Amino acid sequence: MIVADRKPLSEILDMITDRDKILIMGCKGCVTVCNVGGVKEVQILSSSLKIARKKEGRSLTVDQITIERQCDPEYIEQVKATINDYDAVISMACGVGPQFLSEAYPQQKFFPAVNTKFFGGATSHGIWEERCAGCGTCVIHYFDGLCPVARCSKSLMNGPCGGSSKGYCEISKEVPCIWDMIVKKKMEQGRLDDLLCFTPAKNWRTSRDGGPRKSVREELAI
Amino acid sequence: MNHDFEPQIIAFCCKYCAYAAADLAGSMRLNYPSNIKIIQVPCTGRVDIIHLLRAIEDGADGVYVAGCMEGDCHFVCGNIKTRKKVEYVKKTLSELGIEPERVEMFNLSSAMGPRFAEIANQMGERIRNLGPSPLNIKQAA
Amino acid sequence: MNDIKSGSNLEKVLKSGNFAFTGECGPPKGANVDHLKENLAFLKGNVDAVNITDNQTAVVRMSSWAASAIAVQEGVEPNFQMVCRDRNRLAMMSDVLGAYAMGIRNMLCLSGDHQIFGNHPEAKNVYDIDSMQLINLVKTMRDEEQFLNGEPIDGSPKMFIGAASNPFADPFEFRVYRLAKKINAGADFIQTQCIYNMDKFRQFMKMAVDMGLCEKCYILAGVTPLKSVGMAQYMAKQVPGMDVPPELIERLRGAGKGKFAEEGIKIAIEQIEEFKQMEGVAGVHLMAIEWEHKVAEIAQRAGMLPRPDIS
Amino acid sequence: MSTKGTNNKVGSVMVVGAGVAGIQASLDMANAGYYVHLVDSSSSVGGLMAQLDKTFPTNDCAMCVISPFLVEVGRHLNINIIPNSELESLEGEAGAFTAKLKNNPRYIDSVKCTACGQCRQVCPVTAVNEFDCRLDLRKATFIKFPQAVPLSYTIDKNVCIGCGMCEKACLAGAISYSDQARFSEIKVGAVVLAMGNELFDPSLFDTYAYSRHPNVVTSLEFERILSASGPYKGHLMRPYDREVPQKIAWLQCIGSRDINHADHSYCSSVCCMYSIKQSMIAKEHAETPLDAAIFYMDMRTHGKEFERYRERAEKGSGVRFIRSRVHTVEPLDDGGLKLKYIPESGEVLEEVFDMVVLAAGFATSKDTKALAQRLGINLNAHSYAQTSDLTPVSTSREGVFVCGTFQSPKDIPQSVMEASAAAAGATQNLSEQRWSLTLTKELPAEKNFSEEEPKIGVFVCNCGINIGGVADVPAVREYAKTLPNVIHAEDNLFTCSQDTQENIKKIILEKGINRVVVASCSPRTHEPLFQETIREIGLNPYLFEMANIRDQNTWVHMKTPQRATDKAKDLVRMAVAKAALLESLPQVTLDVTQAVLVVGGGVAGLEAALGVARQGFVAFLVERSNELGGMALGLNATWQGEPVLPYVMQLIEDAKKNERIKIFLETEVGHVTGTIGNFTTTLKSANNPLDTKVINHGAAILATGGKEYKPHEYFYGKNPKILTHFDLDAAVRNNDKALKDSKIAVFIQCVGSRTEERAYCSRVCCIHSIKSALILKKLNPEMQIFIIYRDIRTYGLREDLYKEARQQGIRFIRYNKDNPPVIDSDNGQELKLTVKDHILQRPIEMNPDLVVLAAAILPNENKTLFEHFKVPANSDGFLVEAHAKLRPVDFASEGLFLAGIAHYPKSIDESIAQAKAAVSRAMRIVSKNTIAVDSVIASVNPDRCAACLTCVRTCPYNVPRVGEEGYAIIEPSDCHGCGCCVSECPGKAITLKHFTDDQINAKTDALFYIEASC
């Protein structure tokens, strides 16, 4: 799923500083699952913003809604009737949400309340880790299910570099060295030879480097 | 410090320990400030971040959660989970420029009537020293 | 291994069977090259080639190809370092061509320290290709006379291709295989990370020799003299992939205040003496960080002088 | 009623005496499938406890803790309360008795009486109020106390002048002057005697001026003086001139431990503690500083948390403890009382007090003795029911059981324990008749209010003067009327009394109330009562909310009535706000696993397992070691001298032979899941943790026992002459010659007890020492024996041992905590003991051949086990019961019970009683096929669920799972109702019933006068 973090309150407050009636929109998709933009977080943000405003002696009207997904026009359609009643709308979805909203409702101002971070999952409750970089050409099968593109700090295809120490990456003692994991897994499985062959330079055209991407499925497209 | 200031404080107390301790404090006739109002919850684990924020938003000058002793939670670990929620709310308040000390977590057993009164007095005193919630000052002005 | 690939001094020294001795010099943090020239002067004649670092530890300095060109002007043979962090494949190839045109004949291909350590941690890194692929890229340009896309090069850069190896990084068992991989990718010579743990290095070299790697490639052992106990502790704790045994730190401490530097040099000289005898070791790479003026003394005391003149 | 079964046993039981013990026994049996006839000579149930002000050591209000029991017994379908009656005779035999009762006239028909009180208002006659210990007056038509059950008036014919006023005034036509005593016969299968006891009458003591001076009162009189519902409404005054006393003295052992005046050589067990309690409460009540002094011989604070209570009185409240027996009380002209006494220092002192409280002990009444004789029950030398230590609740007549203070002097929790034990004993042989005579309650269908606007009724309690005496209750009531959705508000003297329950029901029906708020005491004690009341007229029990305006308001803010009133209003407003959002919750019932897990194979565990099996259910008996018997295997005899070993061996044999008992030796308890009625426990081999078994059970009894402290004091273990009690018992068993040859033997008390490290008294050591000393004396009459002690605590009838020891020439030397005896063992094996004699005030030296250390009793270490069951232990490591007074065998977690030394150090008879009591408590659960589970559980709204697994990961009990349908599922029967998942669910898909976000936030909003926005 997409993993995000909520922006600091000060940043969100700055966005809405001159607005008195806002709508906070949550999303029931990834951001609910990663505990950043579901009903609960919408309530917390709403209350926090109201507290901040009350402290300034100003009032703030906040309405809350959490829709199924902010990345589907049909769900976005649900707020059509009231969306322009607000001075601004804060989206707690990933970066997709406020953009879809902006496209659907060009008159309204949409602010992102979260920083969209990566594709990953929860390794335990409250801890999410990156697993995929969305490079467009999956190679994890060469590395026994461990992706060096997303998980090596340098995206090395022929790692590990000289900074690998005791299983951790040179950038932090808390970041595991994926190449250490790849090597150990290969060794355990007696397939170290796989790593002796040279992996040529990756084709990054399928990644973001190739420009904004689009996926067209002819058999589905109407 | 304003001597006329009577803070409003909400205490979320778990049924098995803190609420029972509050009853015991009463049966021991121990005095504490009358503007502490207890809301009973089955376990402090039921206390949600939004409950604490809502209290501040509504105008509470202080809010605290009182649960069982750590390790003795009637529901295993509700108090430990909620201690972290209290920390989150403290952080949120700091971000908003409100004294995080207005929110606190306490642990006590059902047998600790005097401790309940002590906590209530301590929290009352702390909030009195902090003065009214910034939310209330602006409103009054 | 005997065909001359670049004709650099370093290549010639190694191929003639001499025990090579290389030094290191960082480009300036500005356009003022006086200090660079001064340092090069200290090294001149005392080493076979000088590594010119490339934004070492991710701290911005003058571009390594420019500093290398200055070295050429000053009569010191540079070993032009290139990291994968700051350039994509286009920039790399154009820099290789430019460097060669400026008279640079040695190259060291590196991944580069992560930018988080440097003075622009907010930078976006590139890592279009990795060090292994860079080695291969330079080799392709040199031997195939092609760009990476297969298009022909008009005047291919004949570089003596170097690569780094850190015998002390983990997983240790894999290190010698990765060395082999680099050699297969096209490395002509290897410069190792600074060595302090001699036991582990001996073990590493034995594996390399057993695998026949030393017949395919020249291995230069990395030496950095310790200036102080503080530096030793810093290296031990803070520098990734560095292995400084506690006994060594104790030995340094035992020398007593004011005598740490001398003890550090003594240790370095002892190491060089051992490397001269060690099977598979073709030379020493002396990284005397901000101690360029001491290189002559160390070289002298280690019996590395005079440097052979093979022209 | 239909009879089931083919034999002639009867499925009903009679309980004689409706004090706290009788009530407990009745409730246990009625809830376990037997019809109970509860007979009492008085007009109301409640006994002595109803007269008490507070109870030690928690200082709970006695009436507050007992009143839910009174109400429960009063409304119980299977308890037939027979007041004003005496058991004339008991014919037949165990299983099928015929009880003949004499039903004395009440002169007011309790069926017709509405307790409106009109008769009392018109009655011209005043008489002394016995309930208030004659300190107050009442009318000839009267009700014993406001919470009386049954709640109906009676006429005191001794003073009634027959004027006919009440008959005219009574609109119900309930008065019947011609009422006559009637006789009735009831068939019962067993009888429990719980007649209780009366207090010694100190008018026999001339030296204490009791009959001569009103300011000399008995302890019970003082209870009434302190009581908020007593003659002085809780204001501390002395009877002579209603002045506030500045100095009060308590004189201990009045009519106890005294054969000169009272012929009561025994100790009454409770007086030390109640005097401490009274002194502390009196100090709290006093508006000016009160000087309280307790004159005592030995301070007997041998119960759980008692020692700390005494510490608190002395150090915290400043109560003076003076070790001296006062010999005269001399009344002075101004109402003062001059006490002459000789304290430890030896000089004669005089001190004047404003009031003297005589700590009167227990005495068996003439009526009780006569009843015992009629029933053919043997009494012992002290006129208490004769029992054996090994069958502590069985009388000399089969099928007749005893509990409470008729068995021996004791405090409330011990009485309650025995009551349950007697209930277990009485029903043990009647199990085939279980449920044969019981009635089932037909509750009306629940009304559906979901479409209706909230209509809230608010009932504000005065709690006598507990609330009304501080807060302005009428103002609170009027305020409640102004709140949104409130359609009715009223105040009651006691909202919990039975007449108010009827009134509440009436009002609800009349006004169409669909949500009820009671502003009174704590929901912890009273919520179930009110919930049951509203359920009886078709309201779901969860359409109820309480405002705690007593325990958390008027008791806290007694000195600031205005604030208490304001706070009461706030709390009522908050409760009303939540009430408006309350929803009916369905009652879920589950099948019960009719088996009991017993943990611990000592005497308590064995008795519990056998008890369960004899009641007809399966018991799993789990023991960690490789043998059954526990600590008792090292004991020689009970305090009455009954041999322990044959008894334990018999128990073990019985347990092994019993088909219903599954014994697991060398086994430990692992993971425990489930709730009351259905627990699943993993048992694992103590030797191989991978060897596991899973058992299902409906209840569990923890009897994990204790052990003797291994002293590090006094060279224990370094010198063979220094033994502990268990060592000495072993030496006696082995006929160790060294014992007989000893010339000087010394017992040192409180080794490891009552210390900084271990503040509690180990309860059994004084008795064990004296018992052992007497055995040594028998072995060698020439032996010089010394017992070096701090307080001799031969409580109850055990005082006989102390008396005998002194008669046998055993010498008692007292020491202070700060000045313990010193042993010098430097000279090889020769011991030199030095102790300061308390009478001679100088050191005594001796060279004992034998030193016995009265080592503390410690609980066994079972941290992980307790964690598996999630049961609490106190700072000393003993398990903590649900309520120190009235639930001494239960844990706060339902379905779990405790017995034996794991609870507190106790003698073998007390362990046996508690084990039997635990069986009785467990029968309330496992005797039924189904059980209603708590409705306060988490439930998932599938539409909102993102199947994110947050609940799965955060539940402390691993209950939620994501089902095949793709949303979280929480099984109602597995949910413990903590709400952890609810507050973490990022989609707010889970709600905790009765504690929803809206309901919680509504309270907060209401405090700040914010209309509910949800």
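Fair warning: this is a prediction, and the values are worked out from it, not measured in the lab. Numbers restart at 1 for each chain; the letters A, B, ... are given by sequence-line order, proteins then strands.
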- Item | chain A contact via C:D170 - side chain, backbone, both or neither, heavy atoms under 4.5 Å | both
- Item | C:F204: ring pair (Phe, Tyr, Trp, His ring centres under 6.0 Å) partners, not counting sequence neighbours | none
- Item | Nearest non-hydrogen partners of C:V96 and C:M107, listed with the distance | CG2-SD, 3.8 Å
- Task: Measure distances from A:K173 to the heavy atoms of chain C and classify the residue's part below 4.5 Å as side chain, backbone, both or neither.
- Result: side chain
- Item | C:R175 versus chain A, the contacting section by heavy-atom distance below 4.5 Å | side chain
- Message: Could you check whether A:W179 and A:F143 have their ring centres less than 6.0 Å apart?
- Response: yes
- By a 4.5 Å heavy-atom criterion (distance strictly below it), what part of C:F117 contacts chain A: side chain, backbone, both, or neither? side chain
- Item | Which portion of A:K202 sits near chain C, non-hydrogen atoms under 4.5 angstrom | backbone
- Examine whether an atom of C:D128 lies under 4.5 Å from a heavy atom of chain A, and if so say whether it belongs to the side chain, the backbone or both; otherwise answer neither. both
- Pick one of side chain, backbone, both or neither for C:A180, based on which atoms fall under 4.5 Å of a heavy atom in chain A. neither
- Over 12 foreign heavy atoms within 6.0 Å of CZ, C:F147: yes
- Proximity breakdown for C:Q115 and chain A, heavy-atom pairs closer than 4.5 Å: neither
- So which part of C:N184 gets closer than 4.5 Å to some heavy atom of chain A, the side chain, the backbone, both or neither? neither
- Task: Over all heavy atoms of both residues, which pair between C:S64 and C:I52 is shortest? Give the atoms and the distance, please.
- Result: O-CG2, 3.6 Å
- Query: Among all residues two or more places apart in sequence or in another chain, which pass the ring pair (Phe, Tyr, Trp, His ring centres under 6.0 Å) test with C:F168?
  - Reply: none
- Side chain, backbone, both or neither: which part of C:L137 has a heavy atom under 4.5 Å from chain A? neither
- Do A:E188 and A:K186 sit within salt-bridge range, that is, some charged N less than 4.0 Å from a carboxylate O? no
- Message: Quick check for you: among A:C152, A:S153, A:A201, A:P160, which has the greatest number of heavy-atom pairs under 4.5 Å with chain C?
- Response: A:P160
